[in-house]
Protein chains: 2
Amino acid sequence: MLSQALSSSYSPVRPVAQARRSGALAPRTLHEHFSLAPIRAIAAKEHAFTEGDPRLQLYRVEAGAICLYKVMPDGRRQVLGFAYPGDLIGLGACDLHHCNAQATKPSQLRSIPWSAVQRVARHDPALGLRLYEAISLELAAAHDLLLTTGQRSAVERVATFLLAMARRSQRNGQDATVIDLPMTRADIGDFLGLTIETVSRTFTKLRQLKIIDLAQSARVRILDCGALRGLAEGDAGL
Amino acid sequence: MLSQALSSSYSPVRPVAQARRSGALAPRTLHEHFSLAPIRAIAAKEHAFTEGDPRLQLYRVEAGAICLYKVMPDGRRQVLGFAYPGDLIGLGACDLHHCNAQATKPSQLRSIPWSAVQRVARHDPALGLRLYEAISLELAAAHDLLLTTGQRSAVERVATFLLAMARRSQRNGQDATVIDLPMTRADIGDFLGLTIETVSRTFTKLRQLKIIDLAQSARVRILDCGALRGLAEGDAGL
DNA sequence: CGAACCATTGACCACCTTCAATGCGAGTGG
DNA sequence: CCACTCGCATTGAAGGTGGTCAATGGTTCG
């Protein structure tokens with residue numbers, strides 16, 4: 001969910017972390033704490049935590065992709081977002097988690113207890129502010145998604161989603177025109193407030209319009225980014 | 001938007017604030033800062049700030065109601081939430097406001113510069129954490145709204161909205177069965193991702209079912225709270 | 001190779017939107 | 001004081017978008 005707000009240059013392993021792990025230094029920053037924590041592997045469809053669980057740990061995604069979602073009593077599901085390597089999950093102020101976190105594919109997590117976060121925060125006035133900055137990015141993302149699910153048509157939603165995924169690719173220094181989707185159509189549908197069928201049909205429509213290419217169902221190649229941008233904002237018909 | 005996360009007992013005027021205003025003490029907490037700030041009155045439909053404005057001030061609503069919303073280039077609008085007396089608006093980490101804040105009726109605001117917030121935060125490690133707690137409540141609200149706009153039907157959305165308003169009434173020690181709506185049908189529609197007409201039709205449907213009473217269009221009386229709760233979660237048909 | 005899961009496609013229909021007209025209430029000016 | 005007007009709410013009729021149900025196809029894993 002969250003990106004690099006807490007450390008401008010995230011990398012899975014850093015020399016200083018190894019020094020700390022050796023016992024030479026005590027962990028002082030959040031990410032030093034994380035680097036000392038063991039990696040926990042979780043299988044596809046396994047949960048890191050579920051709604052109502054006590055909020056005991058703060059997690060950082062090391063590999064894979066985590067789907068954050070809420071469910072209604074009758075089973076309807078709203079995906080709130082996806083967390084990728086470097087993102088923090090489990091942020092929040094209440095005692096209990098207010099959503100579920102499920103791996104969409106085999107993933108790896110590290111976690112540190114909230115008590116440790118609070119201990120660091122007591123000595124470091126800046127940490128609280130940085131947590132605040134981190135979660136405010138999540139809030140902005142939620143507001144963007146709200147605009148999408150509340151106002152956009154199916155094509156606009158899917159186009160918006162693809163553009164966001166492309167931007168993510170680009171931020172990670174990868175080819176922005178090729179997107180490997182780590183989630184199913186059901187995840188995308190529940191994210192955008194659409195059914196599996198509508199998502200699928202919309203992908204097909206974009207393919208027929210030669211805006212995307214779909215060699216495999218999980219691999220999207222953007223052929224006409226300008227057209228995609230136009231569709232996302234509702235420029236033209238369809 | 002935000003309620004009492006930053007001070008468990010909000011009240012417009014407090015004795016200590018008057019002492020500080022007299023110059024005897026320097027402001028130390030956020031709400032002391034606010035109490036020193038002058039009240040700014042804004043008319044209905046006037047904006048406190050708009051999207052893209054530099055984020056210079058943190059606002060507290062003193063009276064009235066503020067509508068927070070985003071707009072698309074073509075004019076479609078998504079209301080993110082409503083802020084009432086005691087709520088803070090203008091929270092966030094970016095340099096610019098990411099949404100618009102417009103009064104739905106004549107309102108009053110106080111504001112303090114962000115620089116003052118940051119000054120306090122440097123000496124008070126707890127402030128950052130409390131800002132974090134405050135904004136995480138907003139995030140939870142956004143996620144709830146996401147579930148509503150993404151998954152619920154029109155009746156379910158309106159029922160959910162009315163129940164949330166009733167809960168607010170109750171928190172303020174007012175009659176939870178009577179809701180005075182400070183916003184128009186358009187505001188409600190853009191909040192729930194529905195059109196004005198659908199909101200109106202849904203209100204009449206609830207009235208015909210004897211679940212609510214609508215003496216005036218801005219005053220809702222809840223007659224059957226249980227039925228409303230049922231509708232909100234999609235228990236029965238319609 | 002078979003089974004399970006996921007994605008795609010088609011047909012039909014319900015819900016909500018769109019377009020349009022009427023009603024209602026508040027504020028203004030004659 | 002009343003008529004006028006403007007903004008907002010309500011109601012109706014028609015149409016479209018996306019949902020539902022169902023069948024087929026494809027891929028991966030055991």
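A note on names: the letters A, B, ... follow the listed sequences, proteins ahead of strands, and every chain is numbered from 1. In this text the structure is predicted, and so the values were computed from the model without any measurement.
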## Note on the structure
Taken to the nearest whole Å, NZ/B:Lys205 to C1'/C:dA14 is 11 Å

### Query
How would you list all residue pairs meeting salt bridge (Lys or Arg N to Asp or Glu O under 4.0 Å) that involve residues 211-221 of chain B, not counting sequence neighbours?
B:Asp180-B:Arg219

### Nearest-Å distance for atom pair CG/C1', residues A:Asp190 and D:dG19
13 Å

### CG-CE distance between B:Leu147 and A:Met72, expressed to the nearest 0.5 angstrom
6.0 Å

Atom pairs, N/O to N/O, protein against nucleotides 22-29 of chain C, distance under 3.5 Å?
none

### Task
Quick one: label B:Gly189 by what it contacts on the DNA or RNA (base, sugar-phosphate, nothing), any heavy atom closer than 4.0 Å.
nothing

#### Entry: Spacing between A:Leu206 atom CG and C:dT9 atom C1', to the nearest angstrom
16 Å

### Task
Whole angstrom is fine here: how far is it from CZ in A:Arg219 over to P in D:dT28?
12 Å

### Query
So, for A:Tyr69 and A:Phe191, is the gap between ring centers shorter than 6.0 Å?
no

### Task
Scan side-chain atoms only and decide if B:Thr149 and A:Thr149 contain a donor-acceptor pair under the 3.5 Å cut-off.
yes

### Summary
Taking for A:Gln216 and for A:Arg152 the nucleotide of DNA chain D with the nearest heavy atom, the one nearer the 5' end belongs to A:Arg152

### Query
For the pair made of NZ in A:Lys105 and C1' in C:dC6, what is the distance, rounded to whole Å?
17 Å

### Task
Using atom CZ of B:Arg157 as one end and atom P of C:dC16 as the other, report the distance to the nearest whole Å.
7 Å

## Note on the structure
In 5'-to-3' order, the base (B), backbone-only (S) or no-contact (-) status of each nucleotide in nucleotides 6-16 of chain D, using a 4.0 angstrom heavy-atom cut-off, is --SSBBBB---

### Task
Please confirm whether B:Arg185 makes a cation-pi placement over B:Phe203, using NZ or CZ under 6.0 Å from the six-membered ring centre and within 45° of the ring normal.
yes

### Message
Looking at A:Glu156 and B:Arg76, is any side-chain nitrogen of the basic one under 4.0 Å from a carboxylate oxygen of the acidic one?
### Response
yes

### Gap between atoms CD1 and P, on A:Ile212 and C:dA7 respectively (whole Å)
14 Å

### Task
Let me know the distance between CD of A:Glu156 and C1' of C:dT17, rounded to the nearest Å.
14 Å

### Query
Would you call A:Arg152-A:Glu233 a salt bridge at under 4.0 Å N-O?
yes

### Task
State, with a plain yes or no, whether a side-chain heavy atom of B:Leu139 is found less than 4.5 Å away from one of B:Ile135.
no

### Query
Is the side chain of B:Ser107 donor-acceptor paired with the backbone N or O of B:Lys105 at a distance under 3.5 Å, no angle test?
yes

